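For reference, the structure discussed in these notes is given below.
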Number of protein chains: 2
Amino acid sequence: MASIDEIAKLCNVSKTTVSRVLNNHPYVSKEKREQILKVIKELDYTPSSLARSLRTSKTHTIAVSVPSIDHPFFAQLIKGISHEALTYSYKSLIFQTFYNQAVELELMELLRNKEVDGIILGALENEWELIEPFLKYGPILLCNEYHPSADIPIIGYDEFEAASKAVSYLIEKGHQKIGFCYDHSYSEAQRQRKAGYRKALLAHKLPHKKEWLFGKAFDIEDGFRIFNEIYKLKEKPTALFTGSDQVAAGIIKKAVSSGYKIPEDLAVIGYDNQLICQVSAPAITTIDIPIMELGQQAARILIQSIKQQAELKREVVRLATKLIIREST
Amino acid sequence: MASIDEIAKLCNVSKTTVSRVLNNHPYVSKEKREQILKVIKELDYTPSSLARSLRTSKTHTIAVSVPSIDHPFFAQLIKGISHEALTYSYKSLIFQTFYNQAVELELMELLRNKEVDGIILGALENEWELIEPFLKYGPILLCNEYHPSADIPIIGYDEFEAASKAVSYLIEKGHQKIGFCYDHSYSEAQRQRKAGYRKALLAHKLPHKKEWLFGKAFDIEDGFRIFNEIYKLKEKPTALFTGSDQVAAGIIKKAVSSGYKIPEDLAVIGYDNQLICQVSAPAITTIDIPIMELGQQAARILIQSIKQQAELKREVVRLATKLIIREST
DNA sequence: TTAATTTCTGAAATCGATAACATGTCAACA
DNA sequence: TGTTGACATGTTATCGATTTCAGAAATTAA
C-alpha cells in the first residue's frame, strides 16, 4: 500500500500538504490540491487508519457488548446499533461476553488502550464498581440494562409499565387468577416487571399466590416444565404473563397437546414479540419492544458524546412498549 | 495510560529492553526482567495494540461479513467463528453488509489497510472478480458460500446430499407427489439443492411437475402464500421440501388453520433446524446444518494460515448434514 | 593469555499518519 | 514605505510500539 510519503514525493510537496488535502484544511493552492487528489486517485491510496488512530487517539469505532449474539433480542439490538453507527461513519466492534466476566473486562481494556472510542453495554456481567473506573478513559452507556446509581445514560424501556399493561389486559378479559414467570437473575428489569404485575393485581384487588409464580423461565423447555407444574396444581391460574416469548411458546405447545384450549382454558402472554409468536399455534399475544430504536438511541447518544467530547451524565431513557394482541389471549 | 517509555524510565533501562520483556525475548538479565515485570504490574500497563499493529502490521483480528446479523443462521455462524477465534486470542470484527455491495468493498479495504489480518465472507455480494484482487493483501475464505473457481478455501455443507436425503425420506414414507420451494437467488447453493431434489425423484422414477415448484420462498408470509397456491391446484403435491424452516412453518400454520392434517394431508420438511421447528405445531422435520462447526472450521483455517503466513489454496470442505425427523412428516 | 562466542543493553530508525511551529509570499492599508 | 494579516508550504516532533545495528561485558575455547 502506498503511504502518504509516496504521494508527497510524487507531487513534490511535503506530506503535511498531502495531509492537509486529506483533511480538507484550507490554505492549499488549487493546483496542488488538484494534483494531489489526482495522484491519490491514481494510486488508489487510502490513509492508514491505524496510524491515524495512533496519532489522534480517535478510532471511529464503538464497542458493543452482549452476552451472545445468538439470541434474537441481542441480534436485533446490535443491528440497530450498527446501522445507526454506520450513518455516522462509525464502525462497531461486537463483543460477545459469553456471560464471562473476564471477557467484559477485556472489553474495558480496549477503551483504556484507545482501541475504541466508546462502549455500549448490552449486558452487565461485572459489578458496576469494577466498570466505573474505566469511565475516565471514555464514554460508556447501558442499553437494556439498569443500574440504580451509575452516572451514565441508561437506555431501556419501561418494564414496569409493560408488565402492568399486559396483566391489566388479562384482567379486562375477565381473568382473576393470573400467574407470572420469571428468570432467576436479580436484575432490576426482573424486579420492575414483577412490580408491574403486582401493581396491576393490587389495583384490581386480585390475589397473588405463591404457587402462581414460576421461576427459571428462559426457554421452550422451561415452558414445557412450567406447564406440567401448572397441570398439577389444584387451583390453577387461568392466565399467565410469562415474560418471554419462548416460555410462552413452550407452555402453549404443551398445553395444546394436552388437550387445553387456548385461550379459553389458559391465556398466555409472551414478551419481546419475536418471530415465534407468529409461528406458534395459536399465535402469541406479547409485548413489543422497540429493540431497533433502543440500539439506535444508544448509538446516537454515545457517538454524539464522542464527537462533542462531552462527558455523559446519568439520563434514563425509557422507550414505550406496545401490547400486541393475537390469539393466545 | 502509561507507555513503554515511562516503564523504561522508571526502570532505568531503554524501551528496547522493556519491549524484549514484553515479547519474551531472551538476553535480558533476570533482575531487570523481574523489576520490569513488577513495574508493569504496578502501573497496570498494557502495550498499545494500535502502535503494535502499526509497527508489525499484524492486528490479531479477523473480519467476518454477513448480510445481516439479524438472522439466526448467521448469528450462529458468527458465534462459531468468534468463539473459535477467541481460543486463538484473535478478535473478530463483524461486518454487516445489509446486502450492500459497497459495504462489502469497504470491508476489503480493511484488509488492504492492514486493519484486519484476514476475512471470512459469510456471503458474497460482489462479483468474485472484484474481490479477488484483494487476495494479495491477505487471506480470504468463503463460508456458506460457493464459487466454482475461486482459488480459496470454501467451507460449506453438501446441499445436494442434504436435499436428496430429505426428498428420499419423503419417498420412503410413500410420497409420490413431492414439491420444492426455492428462493430466487441464482446461487450455487440453490442449484445444488434443486439438483438433489431432482436426483432423488429420478432415482425413484417419480415425476417432477412445474406446478410443484414454488419460487420466492423466504419467510413465513411466503409460506402462507405458497399454501394458498397449493390449495388451488388441481393435482396437489402430498409432500414438500421447502428449503427453509420459516417457509415450512408458514405453510404448516396456514394448512392447519385450513383444516389440513399434517402430515397426513401434507408432509413438510424444513431446512436449518432452527428454533421455530420445535415451536411449530406440529413440530417440523428438517435438515440440521452444523452451523457452529462451519464457523469454527472457517476460523481455524483462516487463523492458521495467518499464523503460518501460508497462502490459502482452493479447498472445498463439505460438512455433513443430518435429517431431523419430527412430526411434520 | 588471547581469540571467539554468547549474553546483555541501548541508540536510532521505522511504521504512517497529524500537530505545532516556523517561514516566506503577497496584498491591503495607514 | 513599513506594518499587518491572510495564504501557502515545509521542518520537526509526536503517537507507542518493534527492529536493526552496534557495542560492551561476560563466558568459553584455543
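Since the model is a prediction, treat every value here as computed from it, not as a measurement. Letters A, B, ... are given to chains in the order of the sequence lines, protein chains preceding strands, and every chain is numbered from 1.
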In terms of side-chain heavy atoms, does A:Asn113 have a donor or acceptor partner in B:Ser49 at a distance below 3.5 Å?
-> no
Specify the residue among B:Arg20 and B:Thr56 whose closest nucleotide of DNA chain C lies further upstream toward the 5′ end.
-> B:Arg20
The side chain of B:Leu54 lies closest to which of these nucleotides: D:dT18, C:dA17, C:dC15?
-> C:dC15
Nearest-neighbour nucleotide for the B:Arg55 side chain, C:dG16, D:dT18, D:dG16 considered = D:dT18
Side-chain N,O (A:Ser29) to OP1/OP2 (D:dA8) below 4.0 Å | no
Base, sugar-phosphate, or nothing: which does B:Thr16 touch, judged by heavy atoms less than 4.0 Å apart?
-> base
Describe the nucleic acid contact of B:Asn12 in one word from base, sugar-phosphate, nothing, applying a heavy-atom distance below 4.0 Å.
-> sugar-phosphate
For C:dC8, take OP1 and OP2 only and decide whether either is under 4.0 Å from a side-chain N or O of B:Tyr27.
-> no
Would you say a side-chain N or O of A:Ser3 is under 4.0 Å from OP1 or OP2 of C:dC15?
-> no
Is the distance from OP1 or OP2 of D:dG16 to the nearest side-chain N or O of B:Ser48 less than 4.0 Å?
-> no
For D:dT18, does either OP1 or OP2 sit under 4.0 Å from a side-chain N or O belonging to B:Lys15?
-> no
Sort out for me which residue in B:Ile155, B:Asp151, B:Ile301 forms a side-chain contact (heavy atoms from CB on, under 4.5 Å) with B:Glu315.
-> B:Ile301
Remember a base hit wins even if backbone is also touched, and classify A:Asp5 as base, sugar-phosphate or nothing at under 4.0 Å, heavy atoms.
-> nothing
Check whether any side-chain nitrogen or oxygen of B:Arg52 sits under 4.0 Å from OP1 or OP2 of D:dT18, and answer yes or no.
-> yes
Taking for each residue the nucleotide of DNA chain D bearing the nearest heavy atom, is the 5' side occupied by A:Ala51 or by A:Val13?
-> A:Val13
